[in-house]
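I have placed the structure first, in the form of structure tokens, so that the comments after it can refer back to it.
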Amino acid sequence: CWEQSLERLPALGWEAYALSVRNHPGSRTVPREEFLRHTRLEHYVDDVAAVAAHIGRPCAVVGHSMGGLIAQRFAARQLAAGGALPALVLLAPAPPGQLGPLRDAPLPTDVPYSLERAVAAQRYFHTTPPDVLQRALERLCPESPSVTNDYSLGAGVPVAPEALPGPLLVVTAAHDRSIVPRDGRIAEYYGGDWLLDEDNGHDLMLEAGWAALLDRILAWLDVRLGRG
């Protein structure tokens, strides 16, 4: 989902990286039973931490959807260990567990969790151009039901509000039809900034307005990081 942003960012003076967590395209595979029943969101946080260690210098972290909660957990871990995190940007993120569950019932853990393409198109996209949408739907991959249950049920995956004291921007989408919040409650919870994208849907990086939104995020970063 990040290809368009990765292509544009260097010309705007930003070095950017995108990673794939375990058992996702381009990353290492894990045994089926482990993926289905024993993988947790914190394992994905481990994957982010490994990439951050490889980069070897402080980075502003951006996370989308479930990746937004992974980013929250990584940032909290990084700061608790005395590390640096210049800024955190959360795009249509899953919330910390303190804000309540996203689902009422668990997913079965004997099969990977996946959506039919038509359902995914309706839920995640609103203004995405047809050719971009087609490519995105072709690349959909199943998710671990145990990870999905981990962050969406009951107490979820908690992150204390005081764990993320630095610059934080939450972007939500008015036409988001997924289960994540569309309002500003996550930004309010952390005392961060909130931006509502009134034109687009959940997959903000692929929607027709992605470039304009990227410019707004970079302008926010410039101000918060003193780059202007």
Side-chain angles (χ1 to χ4, degrees), residues 1-9 12 14 16-21 23-27 41 44 48 61-72 88-95 99 101-104 107 111-145 147-152 156 169-187 193-220:
C1 292
W2 298 100
E3 291 89 346
Q4 297 179 135
S5 297
L6 290 174
E7 289 176 2
R8 190 162 185 260
L9 282 166
L12 299 174
W14 292 86
Y17 303 84
L19 65 93
S20 185
V21 296
N23 230 58
H24 288 68
S27 191
L41 189 106
Y44 292 168
V48 176
V61 175
V62 182
H64 171 254
S65 195
M66 177 184 72
L69 184 53
I70 295 170
Q72 292 165 60
L88 183 61
V89 178
L90 308 174
L91 307 179
L99 296 186
L102 297 174
R103 297 178 185 275
D104 296 324
L107 298 171
V111 293
Y113 174 57
S114 60
L115 294 176
E116 296 291 335
R117 289 185 180 182
V119 175
Q122 188 277 335
R123 186 173 297 182
Y124 299 139
F125 303 94
H126 183 64
T127 64
T128 303
D131 59 328
V132 177
L133 174 60
Q134 181 63 29
R135 290 196 299 271
L137 294 175
E138 290 172 353
R139 292 184 299 176
L140 288 175
C141 65
E143 186 51 78
S144 164
V147 170
T148 307
N149 288 337
D150 185 29
Y151 76 81
S152 63
L169 174 66
V170 178
V171 183
T172 61
H175 299 279
D176 193 335
R177 291 180 287 270
S178 74
I179 60 176
V180 304
R182 289 180 292 180
D183 58 22
R185 75 185 77 169
I186 298 175
D193 299 318
W194 174 45
L195 171 61
L196 175 64
D197 187 317
E198 297 183 350
D199 300 317
N200 296 299
H202 181 74
D203 205 326
L204 288 159
M205 305 85 68
L206 295 179
E207 293 281 80
W210 72 270
L213 176 60
L214 179 61
D215 287 344
R216 296 175 74 181
I217 293 170
L218 295 179
W220 179 86

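Bear in mind the structure is a predicted one, so any value in this text is a computation, not a measurement.
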Val61 versus Val48: any side-chain heavy-atom pair under 4.5 Å?
-> no
Quick check: does any side chain N or O of Ser20 sit under 3.5 Å from a backbone N or O of Pro25, one acting as donor and the other as acceptor?
-> yes
Rounded distance [0.5 Å steps], CG in Leu102 versus OH in Tyr151 = 7.0 Å
Give the minimum heavy-atom separation between Ala71 and Leu90, together with the two atoms involved.
-> CB-CD2, 4.0 Å
For the residue pair Ser144 and Asn23, establish whether any side-chain heavy-atom pair is separated by less than 4.5 Å.
-> no
For Ala92 and Val180 the tightest heavy-atom approach is O-CG2, 3.6 Å
List for me each residue that meets side-chain hydrogen bond (donor to acceptor under 3.5 Å, both in side chains) alongside Ser178, sequence neighbours excluded, and say none if there are none.
-> Asp176, His202
So do Ser114 and Leu140 actually touch side chain to side chain, heavy atoms under 4.5 Å?
-> no
Listed partners of Tyr44 passing side-chain hydrogen bond (donor to acceptor under 3.5 Å, both in side chains), at least two apart | Glu143
Go through the structure and list residues passing salt bridge (Lys or Arg N to Asp or Glu O under 4.0 Å) with Arg8, not counting sequence neighbours.
-> Asp215
Can you tell me how far the CG atom of Leu169 sits from the CH2 atom of Trp220, to the nearest 0.5 Å?
-> 5.0 Å
How many angstroms lie between atom CD1 of Ile217 and atom CH2 of Trp210, to the nearest 0.5 angstrom?
-> 11.0 Å
Minimal heavy-atom distance between Ala16 and Leu6, with the atoms involved, is CB-CD2, 3.7 Å
Within a strict 4.5 Å, meaning less than it, do heavy atoms of the Pro181 and Leu99 side chains meet?
-> no
Evaluate side-chain contact (heavy atoms from CB on, under 4.5 Å) for Asp199 paired with Leu213, printing each intermediate quantity in order.
-> CA-CA 10 Å; Asp199 300 317; Leu213 176 60; over 6 Å; no
Contacts of Arg185 meeting salt bridge (Lys or Arg N to Asp or Glu O under 4.0 Å) (sequence neighbours excluded), chain-then-number -> Asp183
Provide the closest heavy-atom pair for Met66 versus Val147 in the form atom of the first, atom of the second, distance.
-> SD-CG1, 3.7 Å
Quick one: CG on Leu195 to CG on Leu204, what's the gap to the nearest 0.5 Å?
-> 9.0 Å
Could I get the full list of side chain to side chain contact (heavy atoms under 4.5 Å, CB included) partners for Leu115, not counting sequence neighbours?
-> Tyr113, Val119, Ala120, Arg123, Tyr124
Return the set of residues passing salt bridge (Lys or Arg N to Asp or Glu O under 4.0 Å) with Asp131 (not counting sequence neighbours), or none when no residue passes.
-> Arg135
Quick one: list whatever passes side chain to side chain contact (heavy atoms under 4.5 Å, CB included) with Thr128, sequence neighbours left out.
-> Phe125, Val132, Leu133, Leu206, Glu207
Residues that Glu198 engages under side-chain hydrogen bond (donor to acceptor under 3.5 Å, both in side chains), provided they are two or more places apart = none
Nearest heavy-atom contact between Asn200 and Ala208 is OD1-N, 4.0 Å
Using a 4.5 Å cut-off on heavy atoms from C-beta on, say whether the side chain of Leu9 contacts that of Leu214.
-> yes
Kindly write out the residues that satisfy side chain to side chain contact (heavy atoms under 4.5 Å, CB included) with Ala219, not counting sequence neighbours, or none if the list is empty.
-> none
Who passes salt bridge (Lys or Arg N to Asp or Glu O under 4.0 Å) against Asp193, sequence neighbours left out?
-> Arg224
Residues two or more places apart in sequence or in another chain: which of them pass side chain to side chain contact (heavy atoms under 4.5 Å, CB included) with Ala212?
-> none
Would you say the side-chain atoms of Gln72 pair up with the backbone N or O of Pro95, donor to acceptor, closer than 3.5 Å?
-> no
Closest heavy-atom pair and its distance - Leu107, Pro145 | CB-CB, 4.2 Å
Decide yes or no for Asp203 and Cys1: does some side-chain heavy atom of the first lie under 4.5 Å from some side-chain heavy atom of the second?
-> yes
Between OG1 on residue Thr127 and CG on residue Asp197, distance to nearest 0.5 Å | 8.0 Å
Sequence neighbours excluded, which residues qualify as side-chain hydrogen bond (donor to acceptor under 3.5 Å, both in side chains) partners of Gln122?
-> none
